[in-house]
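Let me begin by presenting the structure, written as structure tokens, before commenting on it.
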Amino acid sequence: MDSPSLLEAQLARINPLELVEKYDCPLYVYDSAIMKRQYKRITDAFKVKNLKINYACKALTNQTILKFFNHIGSGLDTVSIQELKMGLKAGFDPKDIIYTPNCVSIEEIEMAVAFGVKINIDNISILEQFGHLHPEVPVCIRINPHIFAGGSSKISVGHIDSKFGISIHQIPHVQRVVEATGIKVEGLHMHTGSDILDAGVFLQGAEILFNVANSFKDLEYIDFGSGFKVPYKENDISTDIEELGEKLSERFNDFCKAYGRDLTLMFEPGKFLVSEAGYFLVNVNVVKQTTSTVFAGVDSGLNHLIRPMFYNSYHHIVNVTNPKGKPRIYTIVGYICETDTFGINRKIAEIRESDILAFYNAGAYCFSMASNYNSRYRPAEVFIHEGKDYLIRKREVLDDLLRNQVEVPLFNTMEVKV
Ligand SMILES: *Cc1c(COP(=O)(O)O)cnc(C)c1O
């Protein structure tokens, strides 16, 4: 992890107080330089002939972010037909989009086929139906490698009872479906979902995929998914992408030689590309001292940033208005009418009412998981690019909450102007 001063410098680059002055609070801010740095780290780490990074856009789906990744050469990983359409709208070539859904209907998959994107299938029932309907459309198959790291760490990369992927034990069945339907398998895929810390665990999964790959003769690519972990606090452990790149590239190149063809090595990171690029800026509404705790209550809550409550995630929080203030211990909470705690017992420079706090790692799974709970507006989003700031999503207004509500001629009352 960067040293605290580096972290501060990173935040200073975006001038948080000026942005709040200009766009108000609460505000999401994304720094394109960090996204580019992370993209480049991956492309530099892997030394293979053909490498394709597909940004997993469920992490952050704003059109400007998608266009930025298209601009720097990334493809797109999508998990729903709507994400796929967002990608096409942002200008991605369908060939650069992979559609990796889970438990969707064959009808939705057929819609994706019509757009000409890469199709990733993760269960045998759909593979069979798909093979009968579209024997001419090549597919990728999502494999669940079921491996566990050794010793006591037990880092799972594909539980035996996971709903994702086709078990490696079912490969013979897959082959029967392939033979019966004449479908072409152009890709193999694994995505474990968990935070991978150990290159060794990843390589174990890779070995299993290489092994399976030998049973499929028409492969064009192998997609190793994601699961790269980023640092969330000082001295936090994270995936050593450089080490992984070195080891996996070597193994991949050997595999290609034995396979007789240069395949494309693919990854689909979300968090790794955008997490550290994002900040969430909030205003302190109230500082509340109880018998045991000092609470700082902010103008946001689980409606805007649910990761701490949903996943127990850690987001580093700093006071940007009073950074030199004497550090004290605070519990940072939201304004939603249920418990929405962002951080417990955090050492933060003295917080006064109306101070601005910044949350780090707010690029991935933050805005994209925001809701209108408590009828609150979702925040505005700002994109920082080459020294300039751009509003890329307006703050919502009352009409946004009412937009799809249908008025029925019942219980009519006088409308009150609000
Ligand atoms: C969510 C997802 C990703 C991205 O995972 P990160 O942990 O954000 O990198 C990649 N591939 C698939 C299929 C996913 O569902």
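Every number for a ligand or one of its atoms is a count from 1 in the order of the listing. Numbering starts at 1 and runs along the sequence shown.
Here the two rings, on Phe228 and Phe267, have centers that are under 6.0 Å apart. A distance below 6.0 Å separates the ring centres of Phe359 and Phe342. In this structure, Phe255 has its ring center under 6.0 Å from that of Phe210.
At a 3.5 angstrom cut-off on N or O pairs, Ala56 does not count as close to ligand 1. The N/O atoms of Ser226, backbone and side chain alike, include one that comes under 3.5 Å of an N/O atom in ligand 1. Considering both main-chain and side-chain atoms, Thr100 never comes within under 3.5 Å of ligand 1 through any nitrogen or oxygen pair.
Because its NZ or CZ atom is not both nearer than 6.0 Å to the ring centre of Tyr28 and within 45° of the ring axis, Arg393 does not count as a cation-pi partner of that residue.
Remark: among candidates Glu268, Arg142, Met190, the nearest residue to atom 10 (C) of ligand 1 is Glu268, based on non-hydrogen atoms.
No part of Asn102 comes within 4.0 Å of ligand 1, judged by heavy-atom distances. In Lys271, the parts holding a heavy atom less than 4.0 Å from any atom of ligand 1 are both the side chain and the backbone. Residue Tyr365 touches ligand 1 through its side chain alone, judged by heavy-atom distances below 4.0 Å.
Ligand 1 places these atoms under 4.0 Å from at least one heavy atom of Pro269: 9 (O). Within the listing of ligand 1, atoms 4 (C), 6 (P), 8 (O), 9 (O) sit less than 4.0 angstrom from a heavy atom of Gly270.
Side-chain atoms of Leu11 and Val318, non-hydrogen and from C-beta on, do get closer than 4.5 Å to each other.
The only member of Phe383, Phe367, Tyr360 that meets ring pair (Phe, Tyr, Trp, His ring centres under 6.0 Å) when paired with Tyr279 is Tyr360. Applying salt bridge (charged side-chain N to carboxylate O under 4.0 Å, His left out) to Asp31 and the options Arg13, Lys388, Arg37 leaves one that passes, Arg13.
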